[in-house]
Protein chains: 2
Amino acid sequence: MPNDQTQDTRRTLTLRDVSEASGVSEMTVSRVLRNRGDVSDATRARVLEAARALGYVPNKIAGALASQRVNLVAVIIPSLSNMVFPEVMTGISDVLEGTGLQPVVGVTNYLPEREESVLYEMLSWRPSGVIIAGLEHSAASRAMMAQAGIPIVEIMDIDGQPVDSAVGLSHRRAGRQMAEAIVASGYRKIAFCGTQMPNDFRAKKRLEGFEEALRRAGLSLLDREYYSGGSALLKGREMTQAILARNPDVDFIYYSNDMIGAGGLLYCLDKAIDVPEHLGLAGFNGVELLDGLPRRLATMDACRLDIGRLAAEIIAGKRPNPGKPEIIELFPTLQPGDTIRQR
Amino acid sequence: MPNDQTQDTRRTLTLRDVSEASGVSEMTVSRVLRNRGDVSDATRARVLEAARALGYVPNKIAGALASQRVNLVAVIIPSLSNMVFPEVMTGISDVLEGTGLQPVVGVTNYLPEREESVLYEMLSWRPSGVIIAGLEHSAASRAMMAQAGIPIVEIMDIDGQPVDSAVGLSHRRAGRQMAEAIVASGYRKIAFCGTQMPNDFRAKKRLEGFEEALRRAGLSLLDREYYSGGSALLKGREMTQAILARNPDVDFIYYSNDMIGAGGLLYCLDKAIDVPEHLGLAGFNGVELLDGLPRRLATMDACRLDIGRLAAEIIAGKRPNPGKPEIIELFPTLQPGDTIRQR
DNA sequence: TTGGCGACTGTTAGCGGTAACATAGTGTGG
DNA sequence: CCACACTATGTTACCGCTAACAGTCGCCAA
């Protein structure tokens with residue numbers, strides 16, 4: 001029986017309790033607790049004291065229903081465990097901090113049907129906005145968002161048609177850019193390692209852009225390897241080993257994310273492979289983990305913090321034209337690190 | 001103007017709209033949408049069709065207020081970016097999946113005042129349960145939880161007095177155990193690397209236990225180093241370097257988490273330091289990242305998945321004595337890896 | 001025929017707040 | 001000394017949905 005710190009029978013408190021305890025009307029209590037409207041200092045003090053003494057916690061459910069206002073922002077992302085979304089979340093929280101708005105996270109695990117149900121669930125709480133990763137959604141999801149009558153910001157990607165606003169970068173272009181840099185550095189036998197996930201559209205677009213640029217240079221991928229599940233670092237090692245076993249003459253490996261790239265790098269160092277002369281490596285995301293590696297992996301910063309910030313600003317109406325849909329493209333910078341030949 | 005897929009003026013739909021569209025009462029619509037009570041198949045079909053056609057999304061705010069039931073579980077954790085809580089979240093989600101309950105995450109950044117406000121905010125939505133990291137909370141936070149009249153599960157730690165239920169491990173014991181293993185392996189000049197954060201109570205308890213066991217063995221810490229912010233991997237390198245510079249004869253470094261431990265390991269490999277003969281290393285958490293490292297860092301598995309699972313089971317009433325407070329202690333296993341001498 | 005039961009649908013009264021308006025004090029200038 | 005503008009507080013009517021209860025209808029046993 002953990003819960004009997006206070007006097008009487010357990011019953012959740014309402015405004016009425018505070019009202020009775022402080023001798024004013026419920027309305028006045030409500031005003032005090034929300035800092036809204038004129039209340040005399042004396043009354044205010046009395047009410048606050050009573051509320052504190054009782055341990056009253058307002059019921060936002062009732063408040064939201066009555067006021068038709070909900071201070072929640074739905075944030076829908078595919079995963080929490082890959083170091084990319086936590087940073088986006090940080091950007092969102094930073095901006096929302098002072099606005100009275102609160103982010104609520106939903107995770108889809110890269111499953112469209114799960115995204116649909118998470119979205120439905122969240123919309124049923126009538127949030128003031130939605131921030132959702134990616135531009136690819138089921139028809140039902142798109143319809144829900146379009147209907148919702150609240151600002152929607154699709155983040156990470158801008159290769160496609162958003163429902164409302166979008167903040168992100170062109171992954172196709174990012175892939176292209178990386179391929180161009182690689183080719184310019186003289187690499188010719190290029191392989192790819194990525195995730196198995198069919199619904200990681202952004203990784204897919206990067207690969208598309210990458211292959212397109214290779215094609216233009218008269219090249220094509222020599223080999224490719226996919227993984228799913230498990231420790232990304234370990235998978236990076238294993239895939240690298242597999243590729244090099246099949247194609248000893250491969251001179252560059254492009255990884256769909258930094259984590260497997262780091263695994264590949266560690267593998268090469270273990271095997272004393274000459275990076276970047278004999279073999280070049282590159283990842284994607286610019287995760288801070290890379291800073292601690294023995295050598296700096298080439299990567300592209302995905303602007304995660306800015307994406308989070310800007311998305312939150314759109315929702316919070318902090319942009320120049322509040323309420324107007326915006327499409328904001330960010331331009332990731334290529335960080336060549338120590339794993340691409342300089343020439 | 002992204003939102004005008006449907007006919008008329010934008011106005012959010014209510015049960016009444018569906019009721020009118022399908023020619024039955026609101027109550028019947030409500031019953032259909034919740035799958036509650038008897039409704040004829042014909043009516044059910046008609047209602048579902050109407051709801052689908054209109055794109056109706058129920059208003060849970062109203063529903064929750066009327067039914068006094070909220071399918072939300074508040075999950076309050078210090079951080080998302082350290083690989084430990086995402087796994088706890090996975091455990092929670094797995095269990096909550098089929099129960100109709102939904103986790104809602106709040107992040108405190110290891111700040112007690114932020115924890116208090118996040119908790120207040122979450123309780124004001126009247127969730128059906130709270131899962132919160134740690135046993136150390138402000139008096140106000142403890143009071144709120146005790147008052148809330150819902151199951152509360154404090155996770156990760158059991159060295160202390162929970163408000164209601166608790167699932168976790170003894171970090172003090174974990175530290176002690178690691179120290180004993182280290183001493184048993186013959187190490188004597190032992191140093192420590194940890195986080196600066198004064199509110200990471202669990203790391204602090206591990207260190208306390210560690211030092212206590214050292215004391216019993218007639219030893220004490222030779223040196224210690226703290227960090228805050230930045231890439232943990234990099235900080236691990238730097239701290240290791242600093243310690244070895246100050247005390248070249250240190251023969252073991254205990255890290256408060258795996259990430260800085262991994263950084264230390266990479267540093268030692270770079271410098272061709274003989275691990276574990278000349279210098280032993282150990283971390284804490286058992287993060288899967290370690291699998292990809294050139295050598296397996298000694299660590300202790302923190303049972304994160306199980307903690308999440310069990311906490312969720314308590315909230316969901318899936319334990320033998322539903323509703324009864326429980327204190328569940330888990331026992332982490334020491335994984336000696338390749339960075340402690342075997343003898 | 002009548003009563004009763006089961007299957008289905010409707011009605012009523014809130015849930016705990018807040019918007020909007022109403023009302024009670026309080027001073028102020030003409 | 002009263003009309004008038006304020007300030008501080010109270011009243012009323014919902015917000016959109018659901019619990020609880022109240023029908024209605026068809027059918028079958030007595």
Side-chain angles (χ1 to χ4, degrees), chain A residues 11-48 50-51 54-72 100 120-121 123-128 148-149, chain B residues 11-48 50-51 54-72 100 120-121 123-128 148-149:
Chain A
R11 188 183 50 82
T12 77
L13 300 164
T14 74
L15 268 192
R16 153 157 265 111
D17 296 290
V18 183
S19 136
E20 282 168 359
S22 55
V24 297
S25 71
E26 299 174 36
M27 195 58 227
T28 300
V29 176
S30 169
R31 281 195 267 252
V32 169
L33 295 176
R34 285 177 301 144
N35 261 312
R36 193 86 28 125
D38 301 317
V39 181
S40 73
D41 290 346
T43 312
R44 171 181 311 279
R46 206 141 40 85
V47 169
L48 285 175
L54 291 169
Y56 173 71
V57 177
N59 185 330
K60 288 227 167 160
I61 295 176
L65 183 60
S67 68
Q68 305 282 49
R69 248 180 275 115
V70 180
N71 70 337
L72 264 24
Y120 185 81
E121 188 74 18
L123 286 181
S124 74
W125 288 99
R126 301 288 187 265
S128 340
Chain B
R11 188 182 51 83
T12 77
L13 300 164
T14 73
L15 268 192
R16 152 156 264 110
D17 296 290
V18 182
S19 137
E20 283 168 0
S22 55
V24 298
S25 72
E26 299 174 36
M27 194 59 227
T28 300
V29 176
S30 169
R31 280 195 269 251
V32 169
L33 295 176
R34 286 178 301 143
N35 261 312
R36 192 89 26 128
D38 300 317
V39 181
S40 73
D41 290 346
T43 312
R44 170 180 312 278
R46 207 140 39 86
V47 168
L48 285 176
L54 290 169
Y56 173 71
V57 177
N59 185 330
K60 287 226 169 162
I61 295 177
L65 184 60
S67 67
Q68 304 283 51
R69 247 180 275 116
V70 180
N71 70 336
L72 264 25
Y120 185 81
E121 189 75 17
L123 286 181
S124 73
W125 288 100
R126 302 289 187 265
S128 348

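Here is how names work: the chains are called A, B, and so on, in the same order as the sequence lines, proteins then strands, and each is numbered from 1.
- In this entry the distance linking CG of Asn35(B) with C1' of dC17(D) reads 17 Å, nearest Å.
- Residue Gln68(B) places at least one side-chain N or O under 4.0 Å from the OP1 or OP2 atom of dG16(C).
- Distance, Arg16(B) CZ to dT18(D) C1': 15 Å, rounded to whole Å.
- Of the possible donor and acceptor atoms, none in the side chain of Thr43(A) sits under 3.5 Å from a partner among the backbone N and O of Val39(A).
- Side-chain nitrogen and oxygen atoms of Arg31(A) include none within less than 4.0 Å of the OP1 or OP2 phosphate oxygen of dT18(C).
- The distance from atom CD of Glu26(B) to atom C1' of dA19(D) is 15 Å, rounded to the nearest whole Å.
- dG16(D) atom P lies 9 Å from atom CZ of Arg126(A), rounded to whole Å.
- Of the side-chain N and O atoms in Tyr56(B), none sit less than 4.0 angstrom from OP1 or OP2 of dG16(D).
- Using a 4.0 Å heavy-atom criterion, one finds that Asn59(B) contacts the sugar-phosphate atoms exclusively.
- Atom CG of Leu15(A) and atom P of dG10(D) are 13 Å apart (whole Å).
- Here the side chain of Leu65(B) is nearest to one of dC17(D), dT18(C), dG16(C), namely dG16(C).
- OP1 and OP2 of dG17(C) both lie 4.0 Å or more from every side-chain N or O belonging to Arg69(A).
- At least one donor-acceptor pair under 3.5 Å links the side chain of Ser19(A) to the backbone N or O of Val24(A).
- Place Ala66(B) and Arg44(B) on DNA chain C by their nearest nucleotides, and Arg44(B) ends up nearer the 5' end.
- Although no hydrogens or angles enter the test, the distance criterion places a donor-acceptor pair under 3.5 Å between the side chain of Ser67(B) and the main chain of Gly63(B).
- In this structure, CG of Asp38(B) is placed 13 Å from C1' of dC5(C), rounded to the nearest angstrom.
- Nearest heavy atom pair, residue Tyr120(B) against residue Val57(A), reads O-CG1, 3.9 Å.
- Rounded to an integer number of Å, the gap from CD of Glu20(A) to P of dG10(D) is 13 Å.
- Side chain of Ser25(A), nearest nucleotide from dG10(D), dC8(C), dG16(C): dG10(D).
- Taking atom CZ on Arg34(A) and atom P on dG16(C), their separation rounds to 17 Å, with Å as the unit.
- Between the side chain of Arg46(B) and the backbone N or O of Ser22(B) there is at least one donor-acceptor pair closer than 3.5 Å.
- Contact annotation: Ser40(B) reaches the phosphate of dT9(C) (side-chain N/O to OP1 or OP2, under 4.0 Å).
- Taking side-chain N and O atoms only, Thr43(B) has a distance below 4.0 Å to OP1 or OP2 of dT9(C).
- Along DNA chain D, the nucleotide nearest Met27(A) and the nucleotide nearest Met27(B) are compared for position; the residue whose nucleotide lies closer to the 5' end is Met27(A).
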